[in-house]
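The structure appears right after this line, and notes come after that.
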Amino acid sequence: MNDANNSAVPAGGPVPGPVRVRFAPSPTGTLHVGSARTALYNYLFARHLGGSYILRIEDTDVARSSSEHERSIMADLAWLGLEWDEGPDIGGDFGPYRQSERSAAGLYAHAAQRLLDEGKAYYCFCSQERLEEQKARMLARGEMPKYDRRCAALEREEAAARAAAGEPATIRFRVPETAIEVTDIIHGRTDFSSGVIGDFIIMRSDGGASYNFAVVVDDIAMAITHVIRGEDHLTNAARQVLVFQAMGHEPPAWAHHSLIMGPDGAKLSKRHGATSVGDFRGMGYLPSAIINYLALLSWSPAGEREKLSKEEMVGEFELQRVSKSPAIFDLQKLNWLNGLHIRDLELEDLRQALVPFLKAAGGETAAGGEAMGIATGAEKSSGRLAVAETAVQTSLVTLAEAPGLIEEFFMLTPLAESEAARELKEEGSGAVLEMALADERRWPDAGDGSAEAVTQALEAARALIKEWKKACKQSDILPKRLFRTLRIALTGRESGPELPFLLSGLGSGTIRQRLQAAKEFTS
RNA sequence: GCCCCCAUCGUCUAGUGGCCCAGGACACCGCCCUUUCAAGGCGGCGGCGGGGAUUCGAAUUCCCCUGGGGGCACCA
């Protein structure tokens, strides 16, 4: 990969070979929007540069990890459209892609042994209690807690023998006295002193690798060139740089993006309400709107556009245009974007997206009668449903609002109960009703509800209304009289969907009955 | 407590020394369009946390303060 784009990646020195990034969730819960944004940035970065985007499951914490979570995370990522090039399900040349499997293959133990042999790591036999006591003491003294290196001085063979004999032991990384420099594409240079980092554990007493070790071993093995992740990992980078050096490898280029905050300024969490991708899916947000919003949360394209498709984002995404400051999650802006994305949907896609919501609403609002009869999918009514869905499309903020609005579309107020019905007694109303009734055979029908059928029905309706309007003009009836009479006659209300939608969506039986009732009402 | 990060309208951002008495977007308010409600169009409200320093000139550079956030595990 030596295209011009690569020159736009300054930090971390020249990166030979193709760009390889990874998203590495631990399957201890569902996919959080914050993680989704991390995945998105990795995805956009890789796609923009023609590199590879890898999914790695970090399940070294057996107690908290579960395969259900792994499945749901993968399903959510796929739903968002962030397909990976290598991963546990599809494999790849750098597998396995689950840390549990890598651990079982002895990959971490082997790497740890090497560090042990080179004196860059050592066995530690300190008890949990002693460590906790020590930590408390340091905290009380106002120091940054770190291991006091009691076991660092142990004789190597002797320690190895004790460990081999089965004495519970961890393996600690021997932190060298050195200045640490983390060069970050988003943040620039950050300096740490190894003095504040204690000799951290790289292998637990249960034989599992700890996070800071497993990550480095895997990033090396998987030839990761750029690590894009949340800022909560910035201080981990300091440790990881040390491990990379100990293992004789250049660290990758780092990019730590800011975190997403709740309205109160604290890291977004459950107590702020919806936080997982699944929550938002359930609330009726489109994946395209979610990734659009998430991207904009701290990245901005060069121009002033706000609504972008995934493809457009891939085309323009650059890490150097990601802002450093934390961003507060703003549901109102997501709502706005969601509305725009819904309006962009082709009818077929809209109908598809609406299915689960209509199904879910079907049971609860059975009182909707006809509306729900249609919503639950009576075949011959699907044309009318399609019209209602189209009618409602421009006012939707979320898909979840659709059932209610569609129900309203079909739920007509009886004239006897209608305030507005008085107006039907106005001069001209009778003539309008006669005229509409006389044209019954020209009332549009949306047939099977296909996009073409709906479009045709709507066009026919507009043409019909246009003619009526012309006829009214000749009889000195105001257009307003035409529109209001028909609307009130059909729905019993003064506001609602445009007339063409009503005419093609209500169904000829209903229309005939309503118009006739209105006619009787006028006299 | 210690270490690290961050700091432009209520919110998300543009801005990399003069083009900025700061541009866009969401929200809010008003107007237009419209048979109605939306959508859409137009306009309004509103901001560089504070103090020093550098400079002819600072939102942009440096220092201090303040505020916010993250990290300090045999979790990731």
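For clarity, every value in this text was computed on a predicted model and none was experimentally measured. All chains are named by letter (A, B, ...) in the order of the sequence lines, taking the proteins before the strands, and each is independently numbered beginning at 1.
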Assign [X] to base, sugar-phosphate, or nothing according to its heavy-atom contacts below 4.0 angstrom with the strands shown.
{"X": "A:Met261", "result": "sugar-phosphate"}
{"X": "A:Phe192", "result": "sugar-phosphate"}
{"X": "A:Ser205", "result": "base"}
{"X": "A:Leu139", "result": "base"}
{"X": "A:Arg229", "result": "nothing"}
{"X": "A:Ser298", "result": "sugar-phosphate"}
{"X": "A:Gln393", "result": "nothing"}
{"X": "A:Ser65", "result": "nothing"}
{"X": "A:Cys126", "result": "base"}
{"X": "A:Thr190", "result": "sugar-phosphate"}
{"X": "A:Lys135", "result": "sugar-phosphate"}
{"X": "A:His233", "result": "base"}

By nearest atom, which of the nucleotides [options] is closest to the [X] side chain?
{"X": "A:Ile328", "options": "B:U11, B:G24, B:G70", "result": "B:U11"}
{"X": "A:Lys324", "options": "B:C6, B:C3, B:A76", "result": "B:C6"}
{"X": "A:Glu306", "options": "B:A25, B:A76, B:A14", "result": "B:A25"}
{"X": "A:Asp330", "options": "B:C26, B:G70, B:U13", "result": "B:C26"}
{"X": "A:Pro326", "options": "B:C6, B:C74, B:G71", "result": "B:C6"}
{"X": "A:Arg204", "options": "B:A25, B:A76, B:C5", "result": "B:A76"}

Provide, to the nearest angstrom, the distance between the [atom1] atom belonging to [X] and the [atom2] atom belonging to [N].
{"X": "A:His256", "N": "B:C5", "atom1": "NE2", "atom2": "P", "result": "12 Å"}
{"X": "A:Ile201", "N": "B:A73", "atom1": "CD1", "atom2": "P", "result": "10 Å"}
{"X": "A:Glu316", "N": "B:A14", "atom1": "CD", "atom2": "P", "result": "14 Å"}
{"X": "A:Gln320", "N": "B:U13", "atom1": "CD", "atom2": "C1'", "result": "17 Å"}
{"X": "A:Leu234", "N": "B:G70", "atom1": "CG", "atom2": "P", "result": "14 Å"}
{"X": "A:Ile186", "N": "B:G70", "atom1": "CD1", "atom2": "P", "result": "18 Å"}
{"X": "A:Lys267", "N": "B:G69", "atom1": "NZ", "atom2": "C1'", "result": "10 Å"}
{"X": "A:Ile197", "N": "B:C2", "atom1": "CD1", "atom2": "C1'", "result": "13 Å"}

Is there a donor-acceptor contact under 3.5 Å from the side chain of A:Ser504 to the main chain of A:Pro500?
->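 Yes, because the side chain of A:Ser504 sits within donor-acceptor range (under 3.5 Å) of the backbone of A:Pro500.
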
Okay, side chain of A:His110, backbone of A:Gly106: is any donor-acceptor separation there less than 3.5 Å?
->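 A pair under 3.5 Å: no.
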
Does a salt bridge link [X] with [Y], judged by any charged N lying under 4.0 Å from a carboxylate O?
{"X": "A:Asp148", "Y": "A:Arg130", "answer": "yes"}
{"X": "A:Glu312", "Y": "A:Lys307", "answer": "no"}
{"X": "A:Glu58", "Y": "A:Arg56", "answer": "yes"}

Would you mind pulling out the nucleotide paired to [N], Watson-Crick or G-U wobble, both distances under 3.5 Å?
{"N": "B:G57", "result": "none"}
{"N": "B:C62", "result": "B:G52"}
{"N": "B:G1", "result": "B:C72"}
{"N": "B:C31", "result": "B:G41"}
{"N": "B:C26", "result": "B:G10"}

Considering only the [atom1] atoms, how many Å lie between [N] and [M], rounded to the nearest integer?
{"N": "B:C26", "M": "B:A73", "atom1": "C1'", "answer": "41 Å"}
{"N": "B:G51", "M": "B:C12", "atom1": "C1'", "answer": "29 Å"}
{"N": "B:G24", "M": "B:U54", "atom1": "C1'", "answer": "32 Å"}
{"N": "B:C42", "M": "B:U34", "atom1": "C1'", "answer": "16 Å"}
{"N": "B:A14", "M": "B:A59", "atom1": "C1'", "answer": "12 Å"}
{"N": "B:G46", "M": "B:C9", "atom1": "P", "answer": "14 Å"}
{"N": "B:G30", "M": "B:C56", "atom1": "C1'", "answer": "44 Å"}
{"N": "B:G50", "M": "B:U66", "atom1": "C1'", "answer": "7 Å"}

Take A:Arg64 and A:Tyr293, find for each the nucleotide of RNA chain B with the closest heavy atom, and name the residue whose nucleotide sits nearer the 5' end.
-> A:Tyr293

Could you check A:Lys146 against A:Glu304 and say which one's nearest nucleotide on RNA chain B is further toward the 5' end?
->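 Its nucleotide being nearer the 5' end, the pick is A:Glu304.
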
Ignoring backbone atoms, test whether [X] places a side-chain nitrogen or oxygen under 4.0 Å from the OP1 or OP2 oxygen of [N].
{"X": "A:Ser210", "N": "B:C74", "result": "no"}
{"X": "A:Ser300", "N": "B:A14", "result": "yes"}
{"X": "A:Arg239", "N": "B:A76", "result": "no"}

Report the relative orientation of the aromatic rings in A:Phe317 and A:Tyr41; use parallel for angles under 30°, tilted for 30 to 60°, perpendicular for over 60°.
->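 Correct class here is tilted.
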
Non-neighbouring partners of A:Trp336 that pass ring pair (Phe, Tyr, Trp, His ring centres under 6.0 Å), sequence neighbours left out = none

Can the ring centroids of A:Phe173 and A:Tyr122 be said to lie less than 6.0 angstrom from one another?
->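 No - the distance between ring centres of A:Phe173 and A:Tyr122 does not fall below the 6.0 Å cut-off.
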
Check whether the side chain of A:Asn236 and the base of B:A76 form a donor-acceptor pair under 3.5 Å.
->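 Looking at the base of B:A76, it does pair with a donor or acceptor on the side chain of A:Asn236 (distance under 3.5 Å).
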
How far apart are the C-alpha atoms of A:Asp218 and A:Tyr108, what are their side-chain angles, what is the distance that settles it, and do they pass the side-chain hydrogen bond (donor to acceptor under 3.5 Å, both in side chains) test?
-> CA-CA 9 Å; A:Asp218 290 346; A:Tyr108 308 119; 2.7 Å; yes

Any side-chain donor-acceptor pair under 3.5 Å between [X] and [Y]?
{"X": "A:His257", "Y": "A:Arg229", "result": "no"}
{"X": "A:Ser66", "Y": "A:His69", "result": "yes"}
{"X": "A:Glu231", "Y": "A:His187", "result": "yes"}

With sugar-phosphate taken as primed atoms, P, OP1 and OP2 and all else as base, the protein-contact string of nucleotides 31-46 of chain B at under 4.0 Å (heavy atoms; B, S, -) is ----BBSBSS------

